[in-house]
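Report on the structure given below.
Quantities reported herein were computed from a predicted structural model and do not represent experimental measurements. Computation of the quantities below employed the complete heavy-atom set of this structure, encompassing side-chain atoms and omitting hydrogens, waters and symmetry-equivalent molecules. In the text below, chain A, chain B and the rest are named by the order of the sequence lines, each starting its count at 1.
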Amino acid sequence: MPLSIYNSYSRTKEVFESVIPGHVGMYVCGPTVSGESHLGHARPYITFDIVYRYLLHKKFKVRYVRNITDAGHFEEEGREAEDKVSKKAQLEKLEPMEMVQKYTNLFHWAMKQFNCIEPSIEPTATGHIVEQIGMIEDIISKGYAYEVNGSVYFDVKKYAASYDYGKLSGRVIDELLDASNREEVTRDLEGQHEKRDAADFALWKAAPPEHIMRWKSPWGEGFPGWHIECSAMATKYLGSQFDIHGGGMDLLFPHHESEIAQSTICNHVSPVKYWMHNNMITINGRKMGKSYNNVIKLTELFSGNHPLLSQAFHPMTVRFFILQSHYRSTLDFSNEALMASEKAFKRLWEAYEVLKKIDASDNSTPGDIELDTKINTWLDEMEVFMDDDLGSPRVIANMFEMAPIINSLKDGIIQPNALSHQTIESMKKQFKVFLEDIFGLTSTNNENTEILKPVMQLLLEIRKEAKIKKDFATSDKIRNQLTAMGIVIKDEKDGNSSWTVG
RNA sequence: GGUCCUUUGGCCGAGUGGCUCAGGCAAAGCUCUGCAAAAGCUUCUACAGCGGUUCGAAUCCGCUAGGGACCUCCA
């Protein structure tokens, strides 16, 4: 079955065909490690983790590259015209690399919490200054960039004369070139006047004396521009044309548009076959972002330590929350929505645990042909939905259709022989493959339950004996005290009890 | 100002020309249960408004209104 994905470049769904059959090169814009990751950042990392996992499921050999931006991007038109990373470093009185290390570690911790598979290569911007300088020299030699006062700018006007600058982001080039008209307030900016055109973007910036992060270059000491790091690292590790480039929709312009321009000049080919962009997470209808001052950091989310949160949320709840919406739709955050996801995920996961313990019947023909057929349709649809531009919400909906059936099988409401041996085995397999392998979900139960097991068994035995003797005072005491400790007791139909933490 | 996207029931969210129907959460009733919890069953509310295309539109087109993203670092 072919995989189709929505290509932002063509604005249509396309059948996925990799450049090299059987292999996929994927580049995803990683974090800028000048601060803590927030919920909004989690979306691309989880989304493209699913893409990665699904490609592996489809038997592709994938090289997944996700960079760490540790050099900071120059805010060319920003008020301070200063490297973001080093600016923050001064405020925090840290060495730049100390801060970079701190937030890189924190980022890795968060990715682990989310059960995201590590990328094949995680290159850093500072580790690829040489490649970036090389690329800039190449662009200059081809006549598409010029140097002014130790800075180098990309000549957008010249590029646009022969190439389609603005195609990815839907920008109209004349407007960009006419950008000075747009600026009602002419901001007096360092570097602004030295560009030949307002639409030009920096490839290299000369470093002012106070700038901490600086590297030697053919144009003097400075630091790389906004977009060149991704182009340089993607080209180095994935070649001049690779399959998938991912990131948030807010990176379409100027970041990805500029990447296309830079790489096209250097490599004579548009760098990316499929551009994939995830939509934003909103909060009260507004994009979550630093500039709106409405972020919920991941550490706050996991601890519940935020005015908007009534409780802590498990990383798997957040992951499930993200999977319940399509990656190209905006997803509205609220405490209530997250609580709904928590409950839903718990129910689905418990059904999965139940399913694992169900013994498949020994009959090859189902007792209830209608039900058996329905289940097989749901199971088959799961891959079809994923193939259609990663329809994770519909896959989850199908699993919820099966949850009551699984529970009814356990309780004997549906007889085991209603379903064929094969159908039950297929359910087990598909639930495992989709929940664990593709969606990367794990149990939210605490790890250290090993030692509890015999203790709980003893308590439940005592409680069972009490119940038989109709000593409900004792049985309720056990149950209530355990509930208070966070252990939930469930009495099963067969007279036995099960327990879960949390 | 320009470009693009979006508007689904109490809430979150799929879907996209025709099938009874997304799904989840919440709510109500019932079953099970010593009681609870869990589970099962049932019920409930919907496609922003107006016009058009069509045998038929939540789905396509137009207009109106609301919301949003990008045009500056931003997932």
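For B:rA39, the paired nucleotide is B:rU31, the pair qualifying as Watson-Crick or G-U wobble because both relevant distances are below 3.5 Å. Under the Watson-Crick and G-U wobble criteria, each requiring two contacts below 3.5 Å, nucleotide B:rA69 is paired to B:rU3. The nucleotide B:rC50 finds its pairing partner in B:rG62, both defining distances of the Watson-Crick or G-U wobble pair being shorter than 3.5 Å. Within the shown strands, nothing qualifies as a pairing partner of B:rC44 under the Watson-Crick or G-U definition with both distances less than 3.5 Å.
Counting any heavy atom pair closer than 4.0 Å across all strands shown, A:D491 reaches a base atom. At a threshold of 4.0 angstrom between heavy atoms, the contacts of A:D476 include nucleobase atoms, whether or not backbone atoms are also involved.
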Only distances under 3.5 Å count here; give the side-chain donor-acceptor pairs of residues 371-378 of chain A to other protein atoms, sequence neighbours excluded, each with its distance to 0.1 Å.
| from | atom 1 | to | atom 2 | distance (Å) |
| --- | --- | --- | --- | --- |
| A:D372 | OD1 | A:S420 | N | 3.0 |
| A:D372 | OD1 | A:T423 | OG1 | 2.8 |
| A:D372 | OD2 | A:N376 | ND2 | 3.2 |
| A:D372 | OD2 | A:T423 | OG1 | 3.0 |
| A:T373 | OG1 | A:I369 | O | 2.6 |
| A:N376 | ND2 | A:D372 | O | 2.9 |
| A:N376 | ND2 | A:T423 | OG1 | 3.1 |
| A:T377 | OG1 | A:T373 | O | 2.9 |

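Once the 5.5 Å centre distance and the 30° plane angle are applied, the aromatic ring of A:F472 is found stacked with the base of B:rG34.
Contact annotation: A:K343 side-chain N/O to B:rA26 OP1/OP2 distance is under 4.0 Å. A close approach under 4.0 Å does occur between a side-chain nitrogen or oxygen of A:N407 and OP1 or OP2 of B:rG40. Using a 4.0 Å cut-off, no side-chain N or O of A:R11 falls inside it from OP1 or OP2 of B:rC5. Here A:K287 reaches the OP1 or OP2 of B:rC70: one of its side-chain N or O atoms lies under 4.0 Å away. In this structure, A:R171 does not reach the B:rC71 phosphate: none of its side-chain N or O atoms is under 4.0 Å from OP1 or OP2.
Rounded to a whole angstrom, the distance from the C1' atom of B:rU8 to that of B:rG23 is 14 Å. Atom P of B:rC44 sits at a distance of 29 Å from the matching atom of B:rG56, rounded to the whole Å. Here, B:rG17 and B:rU59 have their C1' atoms 6 Å apart, quoted to the whole Å.
A donor-acceptor contact under 3.5 angstrom links the side-chain atoms of A:R479 to the base of B:rA36.
The minimum heavy-atom distance between A:I424 and A:D359, with the atom names listed, is CD1-O, 4.5 Å.
A salt bridge does not link A:D471 with A:R463: none of the charged nitrogens is closer than 4.0 Å to a carboxylate oxygen.
Atoms CG (A:L331) and P (B:rG23) sit 20 Å apart, rounded to a whole Å. Between the CZ atom of A:F320 and the C1' atom of B:rC25 there is a distance of 11 Å, rounded to whole Å.
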Atom pairs, N/O to N/O, protein against nucleotides 14-17 of chain B, distance under 3.5 Å?
| from | atom 1 | to | atom 2 | distance (Å) |
| --- | --- | --- | --- | --- |
| B:rA14 | OP1 | A:H326 | N | 2.6 |
| B:rA14 | OP1 | A:S329 | OG | 3.2 |

